[in-house]
Engineer: 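Take a look at this one; I'll ask things after.
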Amino acid sequence: MTVTEARTSPGPDTRRPLRAGPPAKVRLRRAATPWLFLAPALLLFLYFKFIPMAQAVRMSFEEVRPFLGNTYVGGANYAEISGSSDFGAAVWHTVVLAVATTAGSIVLGLALALLLEGQTRSLWFIRSAVFLPVVTAMAVVAEVWRVMYYPAEGGALNSVLSVFGLGPSEFLNSPDSSLASIAFVGIWRGAPYDMMIFLAGLAGVDRVLYEASAVDGASRFRRIWHVTLPGLRPVFAILLTLAAIRGLRIFTEVFLLTNGGPDGSTEVLLTLTYKLGLERNELGVAAAGTVLLFLVLLVLTVAARLRRRKAR
């Protein structure tokens, strides 16, 4: 008795053939297409931003003499501006304004975001109205606040203060109140911007945590403290960096409202370098001041980025 073993013949290969990738020309074209669209903007940035930045760094090591040729002086410009009493006062005023506007705009922006959070259709109009100071030209904002800060008894803000038995205040005309007056304008203009970022962050907070805390009997303040604020930690990191950079780069408000006065009580670093470069014709010293400010902002940005990486 013979036993035959059935041998099954292999059937046709049903596996899909490997698809070859696109040709090198196609891959190159796909990679180059975004850069072609970005090329006009990059060229404008190169010509109007990066090349002037490089020239400013070079000028900071030179004694700039228009039509006579520049002379290399090494670190003399940095030594001169860092040893100046005006520079120290300007740095102090810049730091005070940066801290005040950063803290004030974040606190007020968070309060506005908590008040205007929700999906009600009518909220879009209120949010748009609150956001108007951000998109309004700073020249218009400064002129409006100059009128409101009119130091006489009939001024807009002094009329309000008189109702409470206060004032009249000189606001921008007094060395004691001018810096605080500018900081208030910065807070008023920066808070709506922070509010929009907070609103985006609040949308990502888990609603289940609110419901659980409400069931446990937590008050509204405790829900904000234990649920909302921990959920907004990444937003706080971003806003602190942006607001600090915005505060250190303050120029337009000071230039339009007081131009560094009265008696230098509101002189900040950028108004000082502006006057050194365009009024006193000390372009090398002014360039050294702007380079120092750039280094501070660079260190601040890198430190914030490293801190965010560690937090992850």
Side-chain angles (χ1 to χ4, degrees), residues 89 92-118 120 122-199 202 219-221 223-225 228-229 239 243 246-247 250-268 271:
W92 171 248
H93 297 155
T94 303
V95 171
V96 170
L97 282 177
V99 172
T101 55
T102 299
S105 61
I106 286 179
V107 172
L108 183 58
L110 177 61
L112 290 173
L114 293 175
L115 289 174
L116 300 179
E117 181 190 13
T120 307
S122 59
L123 286 178
W124 71 267
F125 177 77
I126 302 176
R127 292 174 183 172
S128 301
V130 173
F131 194 73
L132 279 178
V134 180
V135 297
T136 306
M138 191 60 222
V140 177
V141 172
E143 192 59 32
V144 170
W145 278 97
R146 188 191 299 277
V147 174
M148 295 179 65
Y149 279 146
Y150 188 69
E153 294 184 2
L157 290 181
N158 277 329
S159 298
V160 176
L161 292 177
S162 63
V163 175
F164 300 95
L166 303 175
S169 175
E170 296 185 3
F171 295 112
L172 299 173
N173 294 343
S174 172
D176 299 327
S177 59
S178 55
L179 201 63
S181 301
I182 293 177
F184 189 80
V185 176
I187 294 171
W188 177 81
R189 194 166 190 263
Y193 178 82
D194 295 348
M195 175 198 71
M196 298 304 294
I197 299 180
F198 275 126
L199 286 173
L202 288 172
S219 63
R220 181 173 179 82
F221 175 77
R223 291 198 298 269
I224 293 174
W225 184 260
T228 306
L229 294 183
L239 282 180
R246 185 174 65 227
I250 188 169
F251 171 76
T252 312
E253 297 94 320
V254 178
F255 181 75
L256 294 175
L257 290 173
T258 62
N259 196 21
D263 299 329
S265 59
T266 59
E267 193 80 84
V268 293
T271 57

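Just so you know, these numbers use all the heavy atoms, side chains as well, and skip hydrogens, waters and symmetry mates.
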Engineer: Run Phe251 and Val268 through side-chain contact (heavy atoms from CB on, under 4.5 Å) and show every step you take.
Structural biologist: CA-CA 7 Å; Phe251 171 76; Val268 293; 5.6 Å; no
Engineer: Would you give the length of the straight line joining atom CG of Asn259 to atom OG1 of Thr271, rounded to the nearest 0.5 angstrom?
Structural biologist: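 Rounded to the nearest 0.5 Å, the CG-OG1 separation comes out at 7.0 Å.
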Engineer: Drop me the distance from Phe198's CZ to Leu112's CG, to the nearest 0.5 angstrom.
Structural biologist: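 Going from the CZ atom of Phe198 to the CG atom of Leu112 covers 10.5 Å.
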Engineer: If you take all heavy atoms of Glu153 and Ser159, which pair is closest and at what distance?
Structural biologist: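 Answer, listing the atom of Glu153 first, then Ser159: O-OG, 3.6 Å.
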Engineer: Just by distance, do the side chain of Ser174 and the backbone of Phe171 share a donor-acceptor pair under 3.5 Å?
Structural biologist: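 Looks like no, no N/O pair under 3.5 Å.
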Engineer: Taking the side chain as C-beta and beyond, is there a heavy-atom pair between Pro262 and Ser265 under 4.5 Å?
Structural biologist: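 A side-chain contact under 4.5 Å exists here.
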Engineer: Is any side-chain heavy atom of His93 closer than 4.5 Å to one of Leu179?
Structural biologist: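 Yes. Closest side-chain heavy atoms under 4.5 Å.
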Engineer: When rounded to the nearest 0.5 angstrom, what is the spacing between CD1 in Ile224 and CG in Leu110?
Structural biologist: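 Nearest 0.5 Å value for the CD1-CG distance: 7.5 Å.
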Engineer: With rounding to the nearest 0.5 Å, note down the distance linking CG in Leu157 to CG in Leu166.
Structural biologist: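 Answer rounded to 0.5 Å: 12.0 Å.
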Engineer: Can you give me the closest heavy-atom contact between Leu161 and Ser169, atom names plus distance?
Structural biologist: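 Where Leu161 meets Ser169 most closely, the heavy atoms are CD1-CB, 4.5 Å.
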Engineer: When rounded to the nearest 0.5 angstrom, what distance separates CG in Leu257 from CD in Glu143?
Structural biologist: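 It is 9.0 Å, given to the nearest 0.5 Å.
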Engineer: Using only atom types and a distance under 3.5 Å, with no angle test, would you say the side chain of Thr102 pairs donor to acceptor with the backbone of Val99?
Structural biologist: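 Checking the backbone N and O of Val99 against the side chain of Thr102, no donor-acceptor pair under 3.5 Å is found.
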Engineer: Do Trp145 and Leu172 touch side chain to side chain, with heavy atoms closer than 4.5 Å?
Structural biologist: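 No; the side chains remain at least 4.5 Å from each other.
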Engineer: Let's go through Arg127 and Leu199 carefully: what are the C-alpha distance in whole Å and the side-chain angles of both, what is the deciding distance for side-chain contact (heavy atoms from CB on, under 4.5 Å) to 0.1 Å, and is it a yes or a no?
Structural biologist: CA-CA 10 Å; Arg127 292 174 183 172; Leu199 286 173; 3.9 Å; yes
Engineer: Could you measure the distance from the CD1 atom of Ile250 to the CG atom of Leu97? Nearest 0.5 Å is fine.
Structural biologist: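 It comes to 5.0 Å.
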Engineer: Which atom names give the shortest non-hydrogen contact between Gly260 and Thr266, and what distance separates them?
Structural biologist: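 Closest heavy-atom pair between Gly260 and Thr266: C-OG1, 3.1 Å.
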Engineer: For residues 182-194, dump all side-chain donor-acceptor pairs below 3.5 Å to protein atoms at least two apart in sequence or in another chain.
Structural biologist:
unit_1: Arg189; atom_1: NE; unit_2: Pro133; atom_2: O; d: 3.2
unit_1: Arg189; atom_1: NH2; unit_2: Thr136; atom_2: O; d: 2.8
unit_1: Asp194; atom_1: OD2; unit_2: Ser105; atom_2: OG; d: 3.0

Engineer: Which atom names give the shortest non-hydrogen contact between Pro151 and Pro168, and what distance separates them?
Structural biologist: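 Closest pair (atom of Pro151, atom of Pro168, distance): O-CB, 4.2 Å.
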Engineer: For the residue pair Phe221 and Trp225, categorise the inter-ring angle as parallel (less than 30°), tilted (30 to 60°) or perpendicular (more than 60°).
Structural biologist: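 Because their plane-to-plane angle is under 30°, the rings of Phe221 and Trp225 count as parallel.
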Engineer: Around Tyr150, counting heavy atoms of other residues, nucleotides and ligands shown, do more than 12 lie under 6.0 Å from its OH?
Structural biologist: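 12 or below, so no.
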